[in-house]
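One structure is given below, encoded as C-alpha cells.
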Amino acid sequence: SSLYLVERVTGYMWVQVPLRGQIKFKTMYNKRKVIATTSTIPSRMDNLHFSIKSILGQSIKPDEIVVALPSHSMREEKDYEIHEEIKAMSDSGVITLLHSEEDHGPATKLFPVLKREMEAGLSKDKESIIITFDDDKHYQKNAFENLLSSGAIECGAVACRKGSRIYLASEDHPFYTAKNDGILERIYNGGDEESLTRVDCLYGTSAVAYRASYFDQDVFDYSSVDEAFPEVSAFFVDDIYLSGYLGVKGKTIVVCPFEKTAFQEKAPSNVTDGNTVNNAINPVSDVSKKTPNLSKDVINYFSKVFHNKV
C-alpha cells in the first residue's frame, strides 16, 4: 500500500509517522519505561499468575511487571504466602516483587510503585508510565496499546479504557431516590467511543495509565490535608478516591477509544476483558454489602469534582 506521512501533536513534540494500513501513532512511551503493576490478597495469590500471563502477552510489553505486596492483609487479616509460580517468576526476573510497608487496600497496586517512582525524581519528559491492572482479569492483548497509542498520557491526562461520569441530582429531581441519594452514573466503554472521552471516575479493572508527576505526597494520606476525608471508606473504593483526588489536582481522566476484539464484540455491554478464576474470590464484596455507603461517602466528599448536574 502507499506510504503516507501525518503529523500529530502529543503535547511535547510533533511526530511524523509513516502509515501503512491501520493507523498507529508512535508516542513517547518508546522513550519512557512502562511499568505494569498489580497487587492481590492472600486468597487470590494462587491464581494471580493468570492475569500476569495476559500482561506478558501484550502487543506492547511493559519494561517491568511489579507485584506489590504488604506483609499482612488488613482486609483478610492474614499474612501473605508467595505462590510457587509467582516466586518462580520473581526468581527468573519476569516480575518484581515489591514490598509495601503497609496495606493500602486495592490502591496497593499503585502506591508502592508510585512512591518508588516519585523518589526517583525523573523529569516530566523522562518519567515512567505506570499502568495498573487487576488481579482477576485476563486482559486483551491490545489493552496496553489501547492506553498508550492515543497519546493521552503524553498530554498529561490519565488514560483508561472504561470510566464513568457521576451526576448529582437534587432531592426534588425525579431521578432522586432514597436508595441512590441522587448519585447517578453513566458508564463509558472505549470500545463504543470514537474519540477520547472525558470522565469523572476511572475504572481500575480496565487498566489505567498514570505518571508520577500527577500526584503529590498527600495522596498517601489525604486525611492529613482534611480531617473530614472519609479515610475508611476510601480504603475500599480506590477508583473513586483516586478519581476525586486527581480531579482536585486538576488532572483530566479520559477513556481511550479502541476497536473491539472478537471477545469484546460478544461480551456483555461495558465488558472490556475476561475474568480469571480470581473473580469468584472477592471477600471485599462482603464488606461492600454490609456497608453500602462506602462509595457514596467518597463521592459526596468529592462532590465539587463530580459536579455534573441532571
Side-chain angles (χ1 to χ4, degrees), residues 1-11 14-32 34-36 38 50-63 65 129-134 136-165 185-211 239 243 252-276 279:
S1 59
S2 299
L3 178 66
Y4 299 91
L5 285 176
V6 299
E7 291 184 322
R8 184 184 190 189
V9 66
T10 65
W14 285 90
V15 192
Q16 283 196 316
V17 189
L19 304 180
R20 292 184 184 274
Q22 183 181 358
I23 295 178
K24 292 185 179 180
F25 292 101
K26 287 186 178 180
T27 52
M28 287 181 69
Y29 61 82
N30 289 316
K31 296 184 179 181
R32 298 181 187 270
V34 176
I35 305 167
T38 193
F50 291 114
S51 290
I52 294 174
K53 287 176 180 177
S54 73
I55 302 305
L56 291 169
Q58 290 295 301
S59 58
I60 296 178
K61 292 178 173 56
D63 299 292
I65 299 175
I129 297 171
I130 303 170
I131 301 179
T132 58
F133 67 97
D134 275 9
D136 62 352
K137 295 296 177 186
H138 184 279
Y139 288 89
Q140 300 295 290
K141 67 179 181 179
N142 59 355
F144 284 11
E145 186 176 353
N146 295 159
L147 294 171
L148 297 172
S149 64
S150 70
I153 195 74
E154 293 302 333
C155 295
V158 179
C160 58
R161 296 158 67 230
K162 181 180 175 182
S164 68
R165 288 182 186 167
E185 181 181 36
R186 179 182 176 183
I187 298 174
Y188 293 84
N189 182 337
D192 298 321
E193 302 302 313
E194 296 182 356
S195 60
L196 292 172
T197 303
R198 184 199 67 79
V199 292
D200 300 310
C201 190
L202 58 87
Y203 272 51
T205 183
S206 71
V208 184
Y210 311 88
R211 287 169 24 203
D239 288 358
S243 300
T252 299
I253 303 171
V254 295
V255 169
C256 301
F258 59 85
E259 185 176 344
K260 287 186 176 181
T261 63
F263 165 82
Q264 290 164 337
E265 289 284 2
K266 296 178 182 178
S269 176
N270 295 322
V271 170
T272 55
D273 303 282
N275 295 325
T276 69
N279 188 253

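Remember, it's a predicted structure, so these values are computed and weren't measured experimentally.
Shown here for Ser51 and Ser54, the closest heavy-atom pair between the two residues is O-OG, 2.7 Å. The shortest heavy-atom contact between Ile129 and Ala209 is CG2-CB, 4.2 Å.
Looking at residues two or more places apart in sequence or on another chain, you find no side chain to side chain donor-acceptor pair (under 3.5 Å) involving Asn189. Residues that satisfy the side-chain contact (heavy atoms from CB on, under 4.5 Å) test with Thr261, not counting sequence neighbours, are Gln140, Asn142, Phe263, Gln264. Lys61 pairs by the side chain to side chain donor-acceptor pair (under 3.5 Å) definition with nothing, not counting sequence neighbours. Considering only residues two or more places apart in sequence or on other chains, Lys141 meets the side-chain contact (heavy atoms from CB on, under 4.5 Å) condition with none of them. A search for side chain to side chain donor-acceptor pair (under 3.5 Å) contacts involving Lys162 returns nothing, not counting sequence neighbours. Remark: Tyr210 engages Phe215 in a ring-ring contact (aromatic ring centres under 6.0 Å, His included) (not counting sequence neighbours). Residues that satisfy the side chain to side chain donor-acceptor pair (under 3.5 Å) test with Thr272, not counting sequence neighbours, are absent from this structure.
Side-chain atoms of Arg211 come within 3.5 Å of backbone atoms of Ile153 as a donor-acceptor pair (strictly under, hydrogens ignored). A donor-acceptor pair under 3.5 Å is formed between the side chain of Thr38 and the backbone N or O of Phe133. Judged by distance alone, with hydrogens and angles left aside, the side-chain atoms of Tyr139 form a donor-acceptor pair with the main-chain N or O of Asp134 at under 3.5 Å. Judged purely by atom type and a 3.5 angstrom limit, Gln58 uses its side chain to pair as donor or acceptor with the backbone of Ala143. No side-chain donor-acceptor contact under 3.5 Å links Ser164 to the backbone of Glu185.
Pairs of residues two or more places apart, or lying in two chains, that qualify as salt bridge (Lys or Arg N to Asp or Glu O under 4.0 Å) and include a residue from residues 187-197 are Asp192-Lys260. The ring-ring contact (aromatic ring centres under 6.0 Å, His included) analysis of residues 188-208, with sequence neighbours excluded, yields no pairs. Annotation: salt bridge (Lys or Arg N to Asp or Glu O under 4.0 Å) contacts involving residues 195-208, sequence neighbours excluded, comprise Arg198-Asp200.
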CA sep, side-chain torsions, deciding dist, call: Phe258, Leu147, side-chain contact (heavy atoms from CB on, under 4.5 Å):
CA-CA 9 Å; Phe258 59 85; Leu147 294 171; over 6 Å; no
Let me see the working for Asp63 and Arg32 under salt bridge (Lys or Arg N to Asp or Glu O under 4.0 Å), right down to the final yes or no.
CA-CA 9 Å; Asp63 299 292; Arg32 298 181 187 270; over 6 Å; no
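Each of Val158, Val254, Val255 was checked for a side-chain contact (heavy atoms from CB on, under 4.5 Å) with Leu202, and the lone residue meeting it is Val158.
For the pair Cys256 and Leu196, the minimum side-chain heavy-atom distance is below 4.5 Å.
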